[in-house]
Student: 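The structure under discussion is supplied below as C-alpha cells; questions concerning it will follow.
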Amino acid sequence: MTRNYDVVIAGGGAAGLFAAIFAGRRGRRVLVLDHADKVGSKILISGGGRCNFTNLDTKPDRFLSQNPHFCISALKRYSQHDFIALVDRHGVKWHEKKLGQLFCDDGAKQIVDLLLAECADAGVDIATQCRIDKVSPQPGGGFALTTSRGEITGDSFILATGGPSIPKMGATDFAFRLARQWGLALVEPRPALVPLTFADRDLEKLRDLSGVPLEATVTCGKGRFREALLITHRGLSGPSILQISSYWREGLDVTIDLSPDLPLAEHLKGLKRTRHKAELRTILGELLPRRFGERLFETDLIGPQPLVSRPMADLRDADLTALAQALHHWRVSPNGTEGYRTAEVTLGGVDTAELSSKTMAAKKIPGLYVVGEAVDVTGWLGGYNFQWAWSSGHAAGMAA
C-alpha cells in the first residue's frame with residue numbers, strides 16, 4: 001500500500017528536521033525518512049557533545065560558495081537571532097564560548113529534543129531505519145519513492161541528506177548521486193574543516209612534537225584565521241587549521257605566523273640589549289612552546305638549516321630580523337587532508353545556480369528542494385554550518 005504525503009524529506013539531520021517543522025506548521029502532511037536508527041546523530045556529537053548551534057556573528061562572508069551572494073536571502077529570512085529565540089522559548093540554557101560561538105550548557109540532546117518537540121507539534125511523521133532505494137519524479141508532478149518501508153509518494157521532495165563527512169555516523173554521498181542522476185550540476189565535493197597531513201619527509205621534523213599547541217595566525221589563499229594550532233602525528237590540526245583547510249588546495253603552501261601578537265624583530269633586538277648573556281635557545285623556549293623551540297636547534301624546521309644557540313650579544317641584528325621573519329612566515333606544504341573520515345563538513349555540493357536562493361527549489365525539477373550541507377554553501381567553523389541548516393531548511397519548509 002502506497003503512503004501519500006505532501007512533503008517527503010530525505011534526511012533527519014538539522015536541515016531536514018527544520019524544513020519539516022516549517023512545512024508541517026503550514027498544514028502540510030510531512031514525512032521525514034532517515035536510514036539511521038535515530039535522527040540528529042551528527043547534532044549529538046557536535047561541539048564536543050554540547051552543540052555549537054549557531055554563531056552570533058553570522059554574516060554571508062563567513063560562507064564559502066561559488067556564488068557568495070546565494071546564502072544572503074535565507075540567512076536574512078531566518079537569522080541566528082531567530083534560532084536563539086527558539087532555543088530560549090524551549091528553556092535551553094546556552095553560553096558563548098568564544099568568537100560568537102553559542103553552545104548548550106547541558107548537552108546537544110537538548111537541540112535534538114527541541115527539534116523533535118517542534119516536529120511533533122507540527123504533526124510531522126518520522127521514519128527511521130528506512131532505506132531509500134529509488135526516487136522518481138513523476139510526469140504529472142510529485143515524486144514516487146521505493147523504500148525499505150514500502151512505496152511512498154510526495155508532492156514535494158526535500159533532499160537533506162548532507163554530504164559524506166564523518167561516514168562512521170552514517171553519512172553518505174546519496175544527495176550527490178541523486179543530483180547527478182537528475183542532471184543537476186555539482187561543485188566538486190571535498191572534505192572541509194579537516195586536519196592537514198604532511199609527507200613523511202616533513203613529518204620527520206614534527207612527529208614527536210605531536211600534541212604541542214601553538215597560538216598562530218594561519219593564511220592560505222583568501223583565508224586568514226587567528227586561533228590555536230595543534231601538531232599531530234600526521235600533520236597539523238586545531239581550529240585555525242580546520243578553518244584554513246576550506247581554502248587549501250593541492251599544491252598550495254600554508255603560511256603560519258607563530259607570534260601573531262608580538263613583533264619579534266624589535267622584541268629580539270630589545271632582549272639582545274637587556275639579556276645579552278641569555279642563550280638564543282633559552283629565549284625561544286620562553287616565546288614558543290619549549291619542545292617546539294628546541295626543535296629549531298635540531299632541524300631545519302623553519303629555515304634552510306637548524307639554528308645555532310649563542311648568547312644574544314653575539315647575534316647580529318640582521319640575524320635576529322631574519323629569524324623573526326622565519327617565525328612570522330613559517331611555510332608548510334601539506335600533501336593532503338585526513339579526508340571525510342574526520343572532516344566536519346563537505347565543501348561543494350549541488351551548484352547554487354541550480355537552485356532558487358529564496359526557496360532552495362531546483363529550477364529544473366518542480367517540487368524538488370535541496371538544503372543544508374548538500375548545497376554548495378559551506379560555513380566557517382563555529383556554528384555557521386548549523387545556522388545554514390536552520391536558514392536553508394526554513395526557506396524550503398516555507399515553500400515545499
Student: Can you list every side-chain hydrogen bond (donor to acceptor under 3.5 Å, both in side chains) pair that touches residues 285-309, not counting sequence neighbours?
Tutor: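 Those involving residues 285-309 are K205-D300, D208-R295, R275-E286, E279-S309, R281-E294, R295-E298.
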Student: Just wondering, more than 12 heavy atoms not from H95 lying within 6.0 Å of its NE2?
Tutor: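 Counting neighbours around NE2 of H95, more than 12 heavy atoms of other residues, nucleotides or ligands fall under 6.0 Å, so yes.
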Student: Please collect all side-chain hydrogen bond (donor to acceptor under 3.5 Å, both in side chains) contacts where either partner lies in residues 37-49, sequence neighbours excluded, each pair once.
Tutor: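 Those involving residues 37-49 are K42-S165.
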Student: Between F176 and P164, which heavy-atom pair has the shortest distance, and what is it?
Tutor: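 Scanning both residues completely, I find the closest heavy atoms to be CE1-CD, 3.7 Å.
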Student: Got a sec, which residues hit side chain to side chain donor-acceptor pair (under 3.5 Å) with T359, two or more places apart in sequence or on another chain?
Tutor: S356
Student: Determine which pairs satisfy ring pair (Phe, Tyr, Trp, His ring centres under 6.0 Å) with at least one residue from residues 273-322, sequence neighbours left out, and list them in order.
Tutor: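 Qualifying pairs, neighbours excluded: F292-W330.
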Student: Please enumerate all residues that pass side chain to side chain donor-acceptor pair (under 3.5 Å) together with D173, with sequence neighbours excluded.
Tutor: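 By the side chain to side chain donor-acceptor pair (under 3.5 Å) rule, D173 matches R177.
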Student: Output a table of donor-acceptor pairs, distance under 3.5 Å, between side-chain atoms of residues 387-400 and any protein atom two or more places apart or on a different chain; print 'none' if there are none.
Tutor:
{"unit_1": "Q387", "atom_1": "OE1", "unit_2": "T54", "atom_2": "OG1", "d": "2.6"}
{"unit_1": "Q387", "atom_1": "NE2", "unit_2": "Y78", "atom_2": "O", "d": "3.2"}
{"unit_1": "Q387", "atom_1": "NE2", "unit_2": "S79", "atom_2": "O", "d": "3.4"}
{"unit_1": "Q387", "atom_1": "NE2", "unit_2": "S391", "atom_2": "OG", "d": "3.0"}
{"unit_1": "W388", "atom_1": "NE1", "unit_2": "G372", "atom_2": "O", "d": "3.1"}
{"unit_1": "W390", "atom_1": "NE1", "unit_2": "F53", "atom_2": "O", "d": "2.9"}
{"unit_1": "W390", "atom_1": "NE1", "unit_2": "F386", "atom_2": "O", "d": "3.4"}
{"unit_1": "S391", "atom_1": "OG", "unit_2": "Y78", "atom_2": "O", "d": "2.6"}
{"unit_1": "S391", "atom_1": "OG", "unit_2": "Q387", "atom_2": "O", "d": "3.0"}
{"unit_1": "S392", "atom_1": "OG", "unit_2": "G372", "atom_2": "N", "d": "3.0"}
{"unit_1": "S392", "atom_1": "OG", "unit_2": "W388", "atom_2": "O", "d": "2.7"}

Student: Going by atom types alone, do T321 and K269 pair a side-chain donor with an acceptor below 3.5 Å?
Tutor: yes
Student: So which pairs with a foot in residues 13-26 pass side-chain hydrogen bond (donor to acceptor under 3.5 Å, both in side chains), sequence neighbours left out?
Tutor: R25-E118
Student: Identify the heavy atoms of E96 and L56 that sit nearest to each other, and give their distance.
Tutor: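 Residues E96 and L56, closest heavy atoms: OE1-CD1, 3.6 Å.
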Student: By side chain to side chain donor-acceptor pair (under 3.5 Å), which residues pair with S136, not counting sequence neighbours?
Tutor: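 Expected list: none.
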Student: Say whether Y5 and D125, considering side chains only, have a donor N or O and an acceptor N or O under 3.5 Å apart.
Tutor: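 Present: a donor and an acceptor within the cut-off.
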Student: Locate the shortest heavy-atom distance separating N4 from T2; write the atom from each residue and the value.
Tutor: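 N4 and T2 have their closest heavy atoms at OD1-CG2, 3.7 Å.
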Student: A side-chain contact here means heavy atoms from C-beta on lying under 4.5 Å apart; do H35 and Q129 qualify?
Tutor: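 Answer no - side chains too far apart.
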Student: Under a 3.5 Å threshold, yes or no: a donor from one side chain and an acceptor from the other, between D253 and S333?
Tutor: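 A pair is found: one side chain offers a donor N or O, the other an acceptor, under 3.5 Å apart.
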Student: Heavy atoms only: give me the nearest V30-G24 pair and the separation to one decimal.
Tutor: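 V30 and G24 have their closest heavy atoms at CG2-N, 3.7 Å.
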Student: Which pairs count as ring pair (Phe, Tyr, Trp, His ring centres under 6.0 Å) when at least one residue sits in residues 117-137, sequence neighbours excluded?
Tutor: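 Passing the test, one end in residues 117-137: no pairs.
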Student: Is the shortest side-chain N to carboxylate O distance from R77 to D82 below 4.0 Å?
Tutor: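 The answer is no: the pair does not qualify as a salt bridge.
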Student: For the pair K59 and D57, find out whether any cationic side-chain nitrogen is under 4.0 Å from an anionic carboxylate oxygen.
Tutor: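 No, no charged N to carboxylate O under 4.0 Å.
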Student: Apply side-chain contact (heavy atoms from CB on, under 4.5 Å) to D34 and list each qualifying residue two or more places apart in sequence or on a separate chain.
Tutor: A36, V39
Student: Using every non-hydrogen atom in the two residues, find where I111 and C51 come nearest and quote the distance to one decimal.
Tutor: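 For I111 versus C51, the nearest heavy atoms are CG1-SG, 3.9 Å.
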Student: Regarding R3 and E151, does a basic nitrogen lie under 4.0 Å from an acidic carboxylate oxygen?
Tutor: no
Student: List the atom pairs, with distances to 0.1 Å, where a side-chain N or O of residues 214-221 and a protein N or O form a donor-acceptor pair under 3.5 Å, not counting sequence neighbours.
Tutor:
{"unit_1": "E215", "atom_1": "OE1", "unit_2": "R226", "atom_2": "NE", "d": "3.4"}
{"unit_1": "E215", "atom_1": "OE1", "unit_2": "R226", "atom_2": "NH2", "d": "3.3"}
{"unit_1": "T219", "atom_1": "OG1", "unit_2": "R224", "atom_2": "NH1", "d": "3.2"}

Student: Sequence neighbours excluded and cut-off under 3.5 Å, please list the side-chain donor-acceptor pairs for residues 183-203, or say none.
Tutor:
{"unit_1": "T197", "atom_1": "OG1", "unit_2": "N335", "atom_2": "OD1", "d": "3.0"}
{"unit_1": "T197", "atom_1": "OG1", "unit_2": "G336", "atom_2": "O", "d": "3.2"}

Student: Over all heavy atoms of both residues, which pair between L252 and Y247 is shortest? Give the atoms and the distance, please.
Tutor: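 Smallest heavy-atom distance, with atoms named: CD1-O, 4.1 Å.
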